[in-house]
Amino acid sequence: MSCRPSGWLVGWCVSAGRGGYPSDLTDEQWALIEPLLPAPRTSSKGGRREKHPRRRIVDAILYLARTGCQWRYLPKDFPPWPTVYWYFTWWHDDGTVEKVHDALRVKVRQADGRSPEPPAGLIDSQSVRAADTVPKATSGFDAGKKTRGRKRFIVTDTLGVLLAVHVVAASVQDRDGGRRPLLWTRLDHPTVLKFWADQGFAGRFVQWASDTLRRDVDIVRKQPGQRGFHVQPKRWAVERTFAWITVRRRLAGDYERDPAHSGTMIRWAMTDVILRRLTRGGPAT
């Protein structure tokens, strides 16, 4: 007779907080995110009642982001992978992921003694290799970084918390790919009047931001004779954000067929960062 617990018992133990994975939400973290999710569907509204707990759905998404496994390889104590993926795409399509992230961003800014909306931002890009499953139509070659894949453009506040994200082919130049996320930031966060960027955004991008968006982009240049990596004033926060993102193995490269889903996975990773920051109980060490 096997002593291994059955599937329902494993699931019960996990949901009761008696097991699980390091990526699972704590009770305190779940209390922050649960009210921000859309109301569960019920049979009275014409649909089937939800079979799996929302908390386990979110745990499964965070597990996948942290470990980098494929959807089909989600452990059996999570809901079935097609169910988890369905929620991932549903919450992407209806804007839930962005709503959850933005609400938590306000909380983390207020917890740090900042205003809810930032007055300044940072923009940068990161080129990552794309998996074989990524369509060639949405990937390219970054000649500067010698990387074939996709390029992520992010805009953050000065704490390094995400304001906008846009994923394109790696062949897109910074001065072109940065326009859309900067425009989104201008529309969604009109309080942001100034941005800092690296030398890749110099030139016509700065002029476009000034003429079209009425926003200043300050280029932070390397010191004369600088060789190798050095922490740059102002811009270090956005570099740290890329480090936070790529700690999640799913985001060490790009595995999503749809570039928009790559942006959603980045938002899930940053939601995880914010939740941990809000509930850590003390300064980071």
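What you see is a predicted model; the values in this text were computed from it and never measured. Counting from 1, the numbers follow the sequence of the chain as shown.
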Subject >> Phe195 ring center near Phe205 ring center (under 6.0 Å) >> reply: no
Original post:
So, His92 versus Thr264: side-chain donor-acceptor pair below 3.5 Å or not?
Top reply: yes
Original post:
So if you build clusters from Ile, Leu, Val, Met, Phe, Trp, Tyr with side-chain heavy-atom gaps below 4.5 Å, do Ile219 and Leu122 land together?
Top reply: no
Subject >> Criterion side-chain contact (heavy atoms from CB on, under 4.5 Å) on Thr156 and Ile123, from CA distance to verdict >> reply: CA-CA 7 Å; Thr156 73; Ile123 183 171; over 6 Å; no
Subject >> Spacing of Arg186 atom CZ and Arg179 atom CZ [to the nearest 0.5 Å] >> reply: 16.0 Å
**OP:** Applying side-chain contact (heavy atoms from CB on, under 4.5 Å) between His101 and each of Val273, Thr271, Thr96, report the one that passes.
**Re:** Thr271
**OP:** Flag the pair Arg248 and Asp272 as a salt bridge only when some basic side-chain nitrogen lies within less than 4.0 angstrom of an acidic carboxylate oxygen.
**Re:** yes
Original post:
Just by modelled atom types, is the Ala143 backbone N or O under 3.5 Å from a matching donor or acceptor in the Lys146 side chain?
Top reply: yes
Subject >> Closest non-hydrogen atom pair between Thr138 and Val134, with its separation >> reply: OG1-CG1, 3.9 Å
Original post:
Rounded to the nearest 0.5 Å, how far does CZ of Arg277 lie from CG of Asp112?
Top reply: 5.5 Å
Original post:
Where do Leu74 and Ala60 come nearest, in terms of heavy atoms and distance?
Top reply: CD2-O, 3.7 Å
Subject >> Thr89 side-chain N/O to Trp86 backbone N/O, donor-acceptor pair under 3.5 Å >> reply: yes
Original post:
Looking at Ile245, Leu64, Ile266, Thr67, which hits side-chain contact (heavy atoms from CB on, under 4.5 Å) with Arg250?
Top reply: Leu64
Original post:
What is the minimum heavy-atom distance between Arg152 and Phe242, and which atoms define it?
Top reply: O-CZ, 4.0 Å
Subject >> Salt-bridge present (Glu117, Arg109; N to O < 4.0 Å) >> reply: no
Subject >> Joint hydrophobic cluster, Val161 plus Ile154, side-chain heavy atoms closer than 4.5 Å >> reply: yes
Original post:
Is there a side-chain contact between Asp188 and Leu163 (heavy atoms, below 4.5 Å)?
Top reply: no
Original post:
Taking only residues two or more places apart in sequence, or in another chain, which ones meet Arg129 in a salt bridge (Lys or Arg N to Asp or Glu O under 4.0 Å)?
Top reply: none
Original post:
Any side-chain donor paired with an acceptor under 3.5 Å for Thr279 and Gln29?
Top reply: yes
**OP:** Classify the angle between the aromatic ring planes of His166 and Trp184 as parallel (below 30°), tilted (30 to 60°) or perpendicular (above 60°).
**Re:** perpendicular
**OP:** Supply the atom-to-atom distance Arg180 CZ to Thr185 OG1, rounded to the nearest 0.5 angstrom.
**Re:** 13.0 Å
Subject >> Flag for Asp132-Tyr255: side-chain donor and acceptor within less than 3.5 Å >> reply: no
**OP:** State plainly whether the residues Asp24 and Arg56 are in salt-bridge range, i.e. N to O under 4.0 Å.
**Re:** yes
Original post:
Going through the distances and angles, do Arg150 and Ser127 end up as a side chain to side chain donor-acceptor pair (under 3.5 Å)?
Top reply: CA-CA 6 Å; Arg150 283 180 175 159; Ser127 295; over 6 Å; no
Subject >> Heavy-atom closest contact (Pro118 atom, Val192 atom, distance) >> reply: O-CG2, 3.3 Å
**OP:** Can you measure from CD (Gln207) to CZ (Arg175) and round to the nearest 0.5 angstrom?
**Re:** 14.5 Å
**OP:** Report the C-alpha distance between Leu62 and Tyr21 in whole Å, list the side-chain angles of each, state the deciding distance to 0.1 Å, and finish with yes or no for side-chain contact (heavy atoms from CB on, under 4.5 Å).
**Re:** CA-CA 10 Å; Leu62 296 180; Tyr21 304 96; over 6 Å; no
**OP:** Look at Asp59 together with Arg54 and state whether they make a salt bridge at an N to O cut-off of under 4.0 Å.
**Re:** no
Original post:
Would you call Asp198 and Val220 a side-chain contact if the rule is heavy atoms closer than 4.5 Å?
Top reply: no
**OP:** Examine distances only and state if a side-chain atom of Arg66 and a backbone atom of Ser23 form a donor-acceptor pair shorter than 3.5 Å.
**Re:** no
Original post:
Do the non-hydrogen side-chain atoms of Ile33 and Arg55 ever get within less than 4.5 Å of each other?
Top reply: no
**OP:** Please round to the nearest 0.5 Å and tell me the distance separating atom OG1 of Thr158 and atom NZ of Lys194.
**Re:** 13.0 Å
**OP:** For residues Thr241 and Gly160, report the shortest heavy-atom separation together with the two atoms involved.
**Re:** OG1-O, 2.5 Å
Original post:
Does atom CZ of Arg249 have more than 12 heavy-atom neighbours from other groups under 6.0 Å away?
Top reply: no
Subject >> Ile57 side chain reached by Pro79 side chain, heavy atoms, under 4.5 Å >> reply: yes
Original post:
Is there a side-chain contact between His261 and Tyr85, using heavy atoms and a 4.5 Å cut-off?
Top reply: yes
**OP:** Please tell me if the side chains of Thr83 and Tyr87 come closer than 4.5 Å, counting only heavy atoms from C-beta onward.
**Re:** yes
Ignoring hydrogens and angles, write down the donor-acceptor pairs under 3.5 Å from the side chains of residues 167-174, residues two or more places apart or on other chains.
| unit_1 | atom_1 | unit_2 | atom_2 | d |
| --- | --- | --- | --- | --- |
| Asp174 | OD1 | Ser125 | OG | 3.0 |
| Asp174 | OD1 | Lys151 | NZ | 3.2 |
| Asp174 | OD2 | Ser125 | OG | 3.3 |

Subject >> Under 3.5 Å donor-acceptor, Asp102 side chain and Leu104 backbone >> reply: no
**OP:** State yes or no: do Leu275 and Val106 share one hydrophobic cluster built from I, L, V, M, F, W and Y residues joined by side-chain heavy-atom distances below 4.5 Å, directly or via other members?
**Re:** no
**OP:** Please say whether the positively charged group of Lys234, taken as NZ for Lys or CZ for Arg, lies over the ring of Trp236, i.e. under 6.0 angstrom from the six-membered ring centre and within 45 degrees of the axis.
**Re:** no
Original post:
From Ile61 CD1 over to Met265 CE, what is the distance, rounded to the nearest 0.5 angstrom?
Top reply: 7.5 Å
**OP:** Examine Leu159 and Leu193 and state if one hydrophobic cluster contains both, with Ile, Leu, Val, Met, Phe, Trp and Tyr joined whenever side-chain heavy atoms are less than 4.5 Å apart.
**Re:** no
**OP:** Return the minimal non-hydrogen interatomic distance between Ala164 and Arg267, and the atom names on each side.
**Re:** CA-NH2, 4.4 Å
Original post:
Trp91 versus Trp268: any side-chain heavy-atom pair under 4.5 Å?
Top reply: yes
**OP:** Decide whether Phe153 and Trp244 are clustered together by the hydrophobic rule: side chain heavy atoms of Ile, Leu, Val, Met, Phe, Trp, Tyr closer than 4.5 Å, transitively.
**Re:** no
Original post:
Between Thr147 and Val128, is any pair of side-chain heavy atoms under 4.5 Å apart?
Top reply: no
**OP:** Step through it carefully: locate the ring centre of Phe88, locate the ring centre of Trp71, and say whether they are under 6.0 Å apart.
**Re:** yes
